[in-house]
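Worksheet: the structure to be examined is printed underneath.
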Number of protein chains: 2
Amino acid sequence: MEDEVDRLVAAWRRERPDLDVEPLEVLSRVSRLARHLDRARRLAFSEVGLEPWEFDVLTALRRAGAPYQLSPGALLTQTLVTSGTMTNRIDRLAKKDLVERLPDPNDRRGVLVRLTPAGRDKADASLAGLLTQERAILAELSRDQRRELAGLLRRLTGPFDNLPG
Amino acid sequence: MEDEVDRLVAAWRRERPDLDVEPLEVLSRVSRLARHLDRARRLAFSEVGLEPWEFDVLTALRRAGAPYQLSPGALLTQTLVTSGTMTNRIDRLAKKDLVERLPDPNDRRGVLVRLTPAGRDKADASLAGLLTQERAILAELSRDQRRELAGLLRRLTGPFDNLPG
DNA sequence: ATCAGCTATCTCGACGTAGAGATATATCGT
DNA sequence: ACGATATATCTCTACGTCGAGATAGCTGAT
């Protein structure tokens, strides 16, 4: 099946035959697919009254395991947002009583963000729904193809995720 | 090489062994990689004084070929933003004399957005830089692997791009 | 010819994010 | 101990996006 990137690449080859646009075959698809996924996630979460950014934070805490707490800094690396954004997110989640801030006992500069019971319920409820939706999107591929795709993507994400910065 | 998604998946398997989180192996990597790419692009474009959103619009027009014009609606489907956003973008690009608005001769509701010569220069200058950067990211993979990856991604983007909506 | 419904674009208010700077605390070498 | 430097988090402003609604023009059925 042809997609927008096929059309995009064909257009560049016509307009700029002097350039090798092969990289776009992979990376433009990654960007566009992520955008489609954002939209689908927003729709799915709206059914349980959750914003995608709330999901990201709550599930990061849920994954940490009991007592479901992480520093803002740890949340940054997991969610790929800036510190100003994370402060804002924690504020809003705290106002909804889904998380609470605690002083870090080992570092007086630091803070720990902990999931409340209500926050944990939200996190658990939303994850199952997301997985169902993602399974539908991935039904285009066989199990082996999904595994192959995951492996190739890991080769690209690895360098970013293990970067010093 | 291990990445954040490996850690994320391992954490879910520990915390929620009742759920099959295999879909995250693919789709969480897509989302995170797109986020990394956004950052890298922002950095690369700042060197030529261009924002990523400006690049997206200008190159869509450039790809259209002479006379480098498209309707706002056509730009929407290519850039995956909403109409309000596109109006705003066109306004700002017009203010910088990179594009101009023309009435559509065939539909009095419509408008055509056309690249100015300055806009075309910007588009051409920035594309080469982007490709160089993307090539570096993709150097992790062999030519065959890149082709394979592009093919698998197309299977996922195709349904979205060919959807009625 | 007309009307209902559709399409293309723009308007506008609410919201979330980035990014730089501020503050407080920790850490390391001397 | 001390000072330089690094780290953790928060504050604040500017900016871009979304999304619902408004407007104007098109189109097909009757």
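Residue numbers start from 1 in every chain, and the chains themselves are labelled A, B, ... in the order their sequence lines are given, proteins ahead of strands.
Shown here are the salt bridge (Lys or Arg N to Asp or Glu O under 4.0 Å) partners of B/Glu2, two or more places apart in sequence or in another chain: B/Arg7. Residues forming a side-chain contact (heavy atoms from CB on, under 4.5 Å) with A/Ser83 (at least two apart in sequence, or on another chain): A/Leu76. The side-chain contact (heavy atoms from CB on, under 4.5 Å) check on B/Asp91 picks up B/Thr87, B/Arg101, with sequence neighbours excluded. For A/Asp104, the side-chain contact (heavy atoms from CB on, under 4.5 Å) partners two or more places apart in sequence, or in a different chain, are A/Asn106, A/Asp107, A/Leu112. A/Ala40 is linked by a side-chain contact (heavy atoms from CB on, under 4.5 Å) to A/Gln133, counting only residues two or more places apart in sequence or in another chain. Qualifying salt bridge (Lys or Arg N to Asp or Glu O under 4.0 Å) partners for B/Arg29, counting only residues two or more places apart in sequence or in other chains: B/Asp3, B/Asp6, B/Glu25.
Taking side-chain N and O atoms only, B/Thr87 has a distance below 4.0 Å to OP1 or OP2 of C/dC10. Of the side-chain N and O atoms in A/Trp53, one or more sit less than 4.0 angstrom from OP1 or OP2 of C/dG16. One finds a side-chain N or O of B/Arg101 lying less than 4.0 angstrom from the OP1 or OP2 phosphate oxygen of C/dC10. Phosphate proximity of D/dT17 to B/Arg92: present, with a side-chain N or O under 4.0 Å from OP1 or OP2. At least one side-chain nitrogen or oxygen of B/Arg35 sits closer than 4.0 Å to the OP1 or OP2 atom of C/dA18.
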Summarise how protein sits on nucleotides 20-29 of chain C as a single string, 5' to 3': B when a protein heavy atom is under 4.0 Å from the base, S for sugar-phosphate-only contact, - for no contact.
----BBS---

Only pairs under 3.5 Å count here: list side-chain donor-acceptor contacts from residues 122-129 of chain A, not counting sequence neighbours, and write none if there are none.
{"residue": "A/Lys122", "atom": "NZ", "partner": "A/Val48", "partner atom": "O", "Å": "3.4"}
{"residue": "A/Asp124", "atom": "OD1", "partner": "A/Arg62", "partner atom": "NE", "Å": "3.0"}
{"residue": "A/Asp124", "atom": "OD1", "partner": "B/Arg16", "partner atom": "NH1", "Å": "2.8"}
{"residue": "A/Asp124", "atom": "OD2", "partner": "A/Arg62", "partner atom": "NE", "Å": "3.3"}
{"residue": "A/Ser126", "atom": "OG", "partner": "A/Lys122", "partner atom": "O", "Å": "2.9"}
{"residue": "A/Ser126", "atom": "OG", "partner": "A/Ala123", "partner atom": "O", "Å": "3.1"}

Could you pull out all donor-acceptor pairs under 3.5 Å where a side-chain atom in residues 50-57 of chain A meets a protein atom, sequence neighbours excluded?
{"residue": "A/Glu54", "atom": "OE1", "partner": "A/Glu51", "partner atom": "N", "Å": "2.8"}
{"residue": "A/Glu54", "atom": "OE2", "partner": "A/Lys96", "partner atom": "NZ", "Å": "2.7"}

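Other residues, nucleotides and ligands contribute more than 12 heavy atoms inside 6.0 Å of the CZ atom of A/Arg135.
One can place CG of B/Leu112 at 16 Å from C1' of C/dC10, the figure rounded to the nearest angstrom. Distance B/Asn88 CG to C/dC15 P: 18 Å, rounded to the nearest Å. As a whole-Å value, the separation of A/Leu102 CG from D/dA8 P is 18 Å. Between the CZ atom of A/Arg39 and the C1' atom of D/dT17 there is a distance of 12 Å, given to the nearest Å. Per the geometry, CG belonging to B/Asp104 stands 14 Å off C1' belonging to D/dA24, to the nearest Å. The CG atom of A/Asp91 sits 12 Å away from the P atom of C/dG16 (whole-angstrom rounding). The nearest whole Å value for the distance from the CD1 atom in B/Ile90 to the P atom in C/dT9 is 8 Å. For the pair A/Leu93 CG and D/dC10 C1', the computed distance is 16 Å after rounding to whole Å.
Under the salt bridge (charged side-chain N to carboxylate O under 4.0 Å, His left out) criterion, no residue pair touches residues 68-85 of chain B, with sequence neighbours excluded.
Where A/Thr85 and B/Met86 each meet DNA chain C at their nearest nucleotide, the meeting point lying more 5' is that of B/Met86.
No side-chain heavy atom of A/Val113 sits less than 4.5 Å from a side-chain heavy atom of A/Met86. For the pair B/Leu149 and B/Leu141, the minimum side-chain heavy-atom distance is below 4.5 Å.
In the helix from C/dA1-D/dT30 to C/dT30-D/dA1, the rotation axis of the first five pairs and that of the last five pairs differ in direction by 30°, rounded to 10 degrees.
Proximity of residues 68-81 of chain A to DNA chain D (heavy atom under 4.0 angstrom from any strand atom) is restricted to A/Ser71, A/Pro72, A/Gly73.
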